[in-house]
Amino acid sequence: MTTRTIAIFGGGVAGLSAAHELAERSGQGADFEIHVYEKRRDQLGGKARSIHVPHSAKDGRDPLPGEHGFRFFPGFYKHLPDTMARIPSIKGSVYDNLVVADRMEIARIGAPPITISARFPHTLSDLVTDIEALFSNTGMLPGEPGFFAERLWQVLTSCQDRRMAEYEKITWWDYLDADNHSEAFRNLLVDGLSRSLLANDPVHASVRTVGDTNIQLILGMVSPIRPTDRLLDGPTTKVWIAPWRAHLEKLGVQFHHETAALQFGIADGLCTGVEVISGQNRSLVEADAYVFALPVERMARVLATSKVRPDDPLKGDPALPGVLAVAPNVRWMNGIQFFLYKDVPIVHGHLLFADTPWSLTGISEAQFWSDEHLDHAGDGTVNGIISACISDWDTPGILFGKKAVDCTREQIAQEVWAQIKASVNVEGKVLLEDDNVHSHFLDPDLVQHPDGTIHLSDAEPLFVNFTDSWANRPPAVLQTRNLMLASDYVQTFTDVACMEAANEAARRAVNGVLALFGSSAAPCELWPLHEPALFAPFRWHDQKRFDEGLPWDGHLL
Ligand SMILES: Cc1cc2nc3c(=O)[nH]c(=O)nc-3n(C[C@H](O)[C@H](O)[C@H](O)COP(=O)(O)OP(=O)(O)OC[C@H]3O[C@@H](n4cnc5c(N)ncnc54)[C@H](O)[C@@H]3O)c2cc1C
């Protein structure tokens with residue numbers, strides 16, 4: 001059997017998933033020698049990695065576990081959990097390290113929280129009733145929750161062709177007529193819910209992406225059989241990424257750290273090699289197939305550098321210019337952790353700090369973790385972690401009246417803590433106290449300028465599906481026969497930048513490699529988003545109307 005060398009660039013969730021799925025299929029009609037090239041010195045996992053808090057380890061313990069941003073694994077994820085179930089861990093598999101969170105709380109400044117749990121909606125009126133019950137007494141105008149439910153219902157009962165042809169072109173903001181609704185409606189339903197899964201900015205993100213994702217989340221929340229939300233039972237790198245690396249090494253995958261892809265070329269429909277840099281040394285990686293598992297802004301940088309080559313890849317493959325077109329569609333989302341002496345669980349699930357000016361989301365993590373992780377970390381006095389993500393960098397905060405980008409790192413920490421406290425310490429309850437904070441850790445990607453402001457340009461932003469961007473987003477398998485793309489911006493069923501999309505894109509890329517070399521291994525499975533069978537008659541009816549050029553009407557008769 002001929003051995004095929006496969007070079008994968010990027011050791012994030014997409015790159016590791018591609019290596020994993022490929023390594024398991026080696027030896028079935030084709031042998032694969034797999035190399036992963038990662039620009040970071042010693043870390044894998046990309047945006048999902050844990051980040052050790054420097055100088056925090058005392059008396060032989062582990063460093064405190066910081067992170068780029070906390071991780072959640074919603075119930076609708078299928079691809080990623082399927083791969084996780086094949087990574088051995090002391091619990092069996094890493095999938096067994098996932099624990100279910102049974103609540104989601106929408107915390108509000110100076111008002112009681114809304115805790116979500118409901119029954120499965122069968123009709124529009126069920127959905128309206130559920131949403132009205134959830135959002136009553138929230139300061140919204142009468143009819144606004146019902147209006148939101150109707151808009152969601154429209155997406156739910158529209159056929160796929162209409163979603164692609166019409167909803168891809170409309171922003172979530174316009175679709176919900178946000179300018180003409182109350183501030184509470186905008187904060188809770190337009191902005192809050194769309195940002196609950198990643199950095200979806202409703203002003204730019206399409207109805208197709210936010211609508212589909214909200215439906216998945218809401219159906220997850222109310223489904224009797226699917227957990228809404230799952231989390232790992234310890235720090236991400238410790239319980240997932242490290243066992244993953246060990247497993248991949250056992251399968252023969254070779255890792256090359258501090259090695260970054262710089263440029264490549266395409267000639268006669270084939271990638272001709274990738275120039276990499278390692279320290280000061282440049283060299284050429286030649287392989288039988290190449291998988292670029294880089295985030296969109298990095299892939300765009302590689303393409304821009306490669307443009308000067310005689311075998312310019314942008315001329316060689318029709319899908320690649322689209323990468324440059326969508327590369328600016330990124331938003332900042334970065335994390336901060338507050339380490340607490342005493343654990344404060346707040347709620348058994350995620351927190352959406354709906355009316356915080358910096359669009360914060362968060363979780364109180366320790367309640368989900370096995371005891372040993374914090375007992376064996378730092379100086380041994382930390383027993384709780386509030387981990388939060390900041391998604392809005394351009395709205396003034398409540399403590400300093402400044403945008404996050406204009407704050408120093410220390411001011412960001414103080415401001416986030418103030419916004420969280422204002423949302424959690426309500427109605428006379430004091431859950432979070434200043435003297436319970438042991439220390440905090442802000443994502444080190446946020447570099448402070450000498451003038452004190454934050455420099456974001458080299459941090460790791462997150463891709464957002466802007467309206468009308470689908471056509472520019474490339475598929476995983478390109479016309480260039482030995483070149484594949486795998487990352488969260490690639491066209492996938494998942495269609496929102498997250499770890500599930502990264503894994504799905506990697507599976508598609510691996511299927512391209514298997515087909516290229518005539519492997520007899522079973523291709524990686526792919527699953528479309530779950531569309532409840534209950535609404536199939538509505539979607540079928542809408543398909544007929546769409547085919548006849550008629551608008552959606554939401555009726556079966
Ligand atoms: C704050 C935050 C919180 C998030 N929370 C969640 C969540 O809860 N659930 C969820 O599903 N998703 C979440 N996401 C999204 C998710 O992290 C990403 O969509 C996913 O990790 C992307 O994986 P990736 O492998 O495609 O890219 P990345 O994670 O970006 O990995 C790419 C890798 O490539 C490396 N690299 C970059 N350039 C080069 C180069 N030139 N050569 C070689 N290597 C290179 C990088 O160092 C990195 O290791 C979150 C994102 C952020 C920012």
Side-chain angles (χ1 to χ4, degrees), residues 7-19 35-49 51 67-74 76-77 79-81 101 195-200 213 217 229-232 236 240-241 255-264 274-278 285 290-303 305-306 330-337 350 360-363 387-391 443 445-446 458-465 476 485-490 492 494 496-506 509:
I8 298 172
F9 300 94
V13 172
L16 296 178
S17 301
H35 296 263
V36 176
Y37 299 88
E38 163 57 47
K39 101 179 148 71
R40 287 188 184 274
R41 188 151 58 92
D42 52 5
Q43 288 164 313
L44 294 174
K47 292 192 259 289
R49 73 194 183 281
I51 306 174
E67 56 203 344
H68 183 66
F70 61 81
R71 303 280 116 194
F72 78 125
F73 302 75
F76 75 85
Y77 284 12
H79 302 87
L80 187 63
R195 287 193 201 266
S196 69
L197 189 69
L198 312 173
N200 270 330
T213 311
L217 288 176
D229 196 358
R230 289 160 295 183
L231 299 108
L232 286 167
T236 315
W240 174 23
I241 305 295
F255 290 96
H256 309 267
H257 279 281
E258 287 192 284
T259 308
L262 281 181
Q263 57 171 332
F264 68 103
V274 177
E275 190 189 9
V276 295
I277 185 160
S278 183
V285 170
Y290 305 85
V291 178
F292 277 99
L294 306 182
V296 69
E297 75 287 352
R298 301 284 168 174
M299 190 63 206
R301 214 179 272 186
V302 169
L303 285 170
T305 311
S306 310
V330 292
R331 285 287 176 272
W332 303 110
M333 185 169 166
N334 297 73
I336 182 167
Q337 289 77 52
H350 279 97
L360 304 178
T361 48
I363 182 115
S387 186
C389 286
I390 308 162
S391 293
D443 188 341
D445 273 353
L446 304 170
D458 220 30
E460 295 167 298
L462 189 58
F463 184 68
V464 178
N465 288 340
L485 300 179
S487 186
D488 55 10
Y489 67 94
V490 165
T492 55
T494 310
V496 64
C498 62
M499 300 184 295
E500 171 77 348
N503 180 276
E504 186 192 333

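For the numbers below, each heavy atom of this structure counts, side chains included, while hydrogens, waters and symmetry mates do not. Whatever order the structure lists them in is the order used to number ligands and atoms, beginning at 1.
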Is ligand 1 less than 4.0 angstrom away from at least one heavy atom of Gly335?
no
Nearest 0.5 Å please: distance from the CZ atom of Phe9 over to the CG atom of Leu294.
8.5 Å
Has ligand 1 got any nitrogen or oxygen that is less than 3.5 angstrom from a nitrogen or oxygen of Asn334?
no
In ligand 1, which numbered atoms sit nearer than 4.0 Å to a non-hydrogen atom of Gly12?
25 (O), 31 (O), 33 (C), 49 (O)
Side chain, backbone, both or neither: the part of Leu294 lying under 4.0 Å from ligand 1 by heavy atom:
side chain
So is there a nitrogen or oxygen of Val13 less than 3.5 Å from a nitrogen or oxygen in ligand 1?
yes
Can you check side-chain contact (heavy atoms from CB on, under 4.5 Å) on Ile8 and Tyr290, steps first, answer last?
CA-CA 6 Å; Ile8 298 172; Tyr290 305 85; over 6 Å; no
Need the ligand 1 atom indices (1-based, order shown) with element for anything under 4.0 Å from a heavy-atom of Gly69.
1 (C)
Quick note on ligand 1: atoms under 4.0 Å from a heavy atom of Gly46 include exactly 29 (O), 31 (O), 48 (C), 49 (O)
So is Arg298 polar-close to ligand 1, meaning N/O to N/O under 3.5 Å?
no
Report yes if some N/O of Glu500 lies less than 3.5 Å from some N/O of ligand 1; otherwise report no.
no
Can you name the closest pair of heavy atoms from Ala509 and Ala476 and give their distance?
N-CB, 3.8 Å
Under-4.0 Å heavy-atom contact with ligand 1, by part of Thr259 that carries it
backbone
Could you pull out the closest heavy-atom pair between Thr259 and Ser278, with the gap in Å?
OG1-OG, 3.7 Å
N/O separation below 3.5 Å, Ala260 to ligand 1:
no
Note: heavy atom closest to atom 10 (C) of ligand 1, options Tyr77, Phe73, Phe70, Tyr37, belongs to Tyr77
Close-contact set for ligand 1 against Cys389 heavy atoms, below 4.0 Å
1 (C)
If we number the atoms of ligand 1 from 1 as shown, the ones under 4.0 Å from a heavy atom of Leu462 are 15 (C), 19 (O), 51 (C)
To atom 42 (N) of ligand 1, the nearest of Pro74, Cys498, Ala261, Gly15 on a heavy-atom basis is Ala261
Do Phe70 and Leu231 touch side chain to side chain, with heavy atoms closer than 4.5 Å?
no
Tell me the nearest of Gln263, Glu460, Arg41, Glu38 to atom 47 (O) of ligand 1, using heavy-atom distances.
Glu38
Within 4.0 Å of some non-hydrogen atom of His68, the atoms of ligand 1 are 1 (C), 53 (C)
So is Ala502 polar-close to ligand 1, meaning N/O to N/O under 3.5 Å?
no
Out of Val296, Val464, Leu462, which one pairs with Val330 under the side-chain contact (heavy atoms from CB on, under 4.5 Å) rule?
Val296
Nearest heavy-atom neighbours spanning Tyr37 and Val285:
OH-CG1, 3.6 Å
Nearest non-hydrogen partners of Phe72 and His350, listed with the distance
CB-CE1, 2.9 Å
Does Ala293 approach ligand 1 within less than 4.0 angstrom via side chain, backbone, both or neither, non-hydrogen atoms only?
backbone
Quick check: do Phe292 and Val274 have side-chain heavy atoms less than 4.5 Å from each other?
yes
According to side-chain contact (heavy atoms from CB on, under 4.5 Å), who are the partners of Glu38, at least two apart in sequence or on a separate chain?
Arg40, Leu44, His257
In ligand 1, the atoms that come under 4.0 Å of a heavy atom of Arg40 are 47 (O)
Using a distance-only test with no angle check, is there a side-chain donor-acceptor pair under 3.5 angstrom linking Ser387 and Gln337?
yes
So do the side chains of His68 and Asn334 get within less than 4.5 Å of each other, counting heavy atoms only?
yes
Going by the rule ring pair (Phe, Tyr, Trp, His ring centres under 6.0 Å), which residues pair with His79 if we only count those two or more places apart in sequence or in a different chain?
Trp527
For ligand 1, which atoms, with element, lie under 4.0 Å from some heavy atom of Pro295?
30 (O), 32 (C)
